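Comments concern the structure below.
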Amino acid sequence: MLQGIGAVLGPVVVGIAAWIGRNTFESWRQQKLSERRIEQAERILTATYKARRSLSYVRNPMMLGHELDAANATLKESGEWDKIIGGEQERERVATTQAYYNRLNRTLDDRRALEECQPMARALFGEQLEKAIETLNHQFRTVQIYVDANHRDRNDADTDFRGKISSAIFEGYPSSAENEIDQTVTAQVGIIESICLPILRLEAAKNIGR
């Protein structure tokens with residue numbers, strides 16, 4: 001009789017152990033995924049805020065004297081200074097363009113960090129977050145394009161195009177509400193925050209409740 005009971009209970013015990021094992025593994029897997037999402041959400045938000053700050057730095061309407069001095073030094077070191085034709089006015093134009101390029105070059109690390117977030121953003125959070133990161137990062141390229149256009153412009157461009165140039169390279173011109181890049185940056189940061197912030201806030205709430 002005892003042997004019979006043992007024969008019946010054996011598969012039951014094995015089944016229970018397997019069920020516990022599956023649930024334990026699933027719980028462990030979900031915990032690891034949750035930790036990964038929290039880690040990546042923090043990384044993405046950090047990269048986003050740095051990129052936003054870098055864009056603001058690049059597009060600062062005030063070009064300081066030391067920046068122009070550094071631009072002149074760069075042009076002289078590269079040999080481009082002696083190739084400038086058109087006198088002092090043209091040298092000032094070229095120096096201003098170089099100063100913007102110096103600003104853009106200083107933001108390379110922040111731009112790369114944001115770009116490197118894209119694969120995990122898509123894998124863990126979906127296409128919308130990936131696209132928002134990509135669009136935000138693309139604003140640096142847009143600024144560069146209009147810096148080049150500003151250099152080529154000889155004040156004979158039509159008023160609308162001149163306005164687009166100024167709007168691209170100057171933050172807040174003519175106002176934040178009318179500035180396309182300002183609005184794009186705000187919109188993309190908003191999307192990124194709407195996806196990543198709730199994850200971090202939920203974790204913070206869990207820690208407070210412990």
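All heavy atoms count here, side chains included; hydrogens, waters and symmetry mates do not. What you see is a predicted model; the values in this text were computed from it and never measured.
Interatomic distance, OG of Ser176 versus CD of Gln183, reported as 7.5 Å (0.5 Å rounding). Rounded to the nearest 0.5 angstrom, Glu67 CD and Thr96 OG1 are separated by 10.0 Å. Taken from CD in Gln188 to CG in Asn137, the straight-line distance is 11.5 Å, to the nearest 0.5 Å. We find the CZ-CE distance between Phe170 and Met63 to be 8.0 Å, quoted to the nearest 0.5 Å.
Heavy-atom neighbours of Glu42 CD from other residues, nucleotides or ligands within 6.0 Å: at or below the threshold of 12.
Between Lys164 and Glu180 there is no salt bridge, since none of the side-chain N atoms of the basic residue sits less than 4.0 Å from a carboxylate O of the acidic one. Remark: Asp182 engages Arg59 in a salt bridge, criterion side-chain N to carboxylate O under 4.0 Å. Arg112 and Glu115 are not joined by a salt bridge, as no carboxylate oxygen comes within less than 4.0 angstrom of a charged side-chain nitrogen.
Residue Leu64 shares its hydrophobic cluster (ILVMFWY side chains chained together at separations under 4.5 Å) with Met62.
Side chain of Ser167 to backbone of Gly163: no donor-acceptor contact under 3.5 angstrom is found. With hydrogens and angles disregarded, no donor-acceptor distance shorter than 3.5 Å links the side chain of Arg111 to the backbone of Ser54. Between the Glu127 side chain and the Arg122 main chain, no donor and acceptor come within less than 3.5 Å of each other. The closest donor-acceptor contact from the side chain of Asn179 to the backbone of Tyr173 lies under 3.5 Å. Checked by atom type and distance alone, the side chain of Thr135 never pairs as donor or acceptor with a backbone atom of Ala132 at under 3.5 Å.
Asn102 and Gln98 share a donor-acceptor pair across their side chains, judged by distance under 3.5 Å alone. Judged purely by distance below 3.5 Å, without hydrogens or angles, the side chains of Tyr101 and Asp148 pair a donor atom with an acceptor atom.
The two atoms that bring Glu171 and Pro61 nearest to each other are O-CG, 3.9 Å, heavy atoms only.
Both cation-pi conditions hold for Arg103 and Tyr100: the charged atom is under 6.0 angstrom from the six-membered ring centre and inside a 45 degree cone around its axis.
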Legend entry - Working for side-chain contact (heavy atoms from CB on, under 4.5 Å), residues Cys196 and Leu129: CA-CA 9 Å; Cys196 293; Leu129 182 58; 4.1 Å; yes
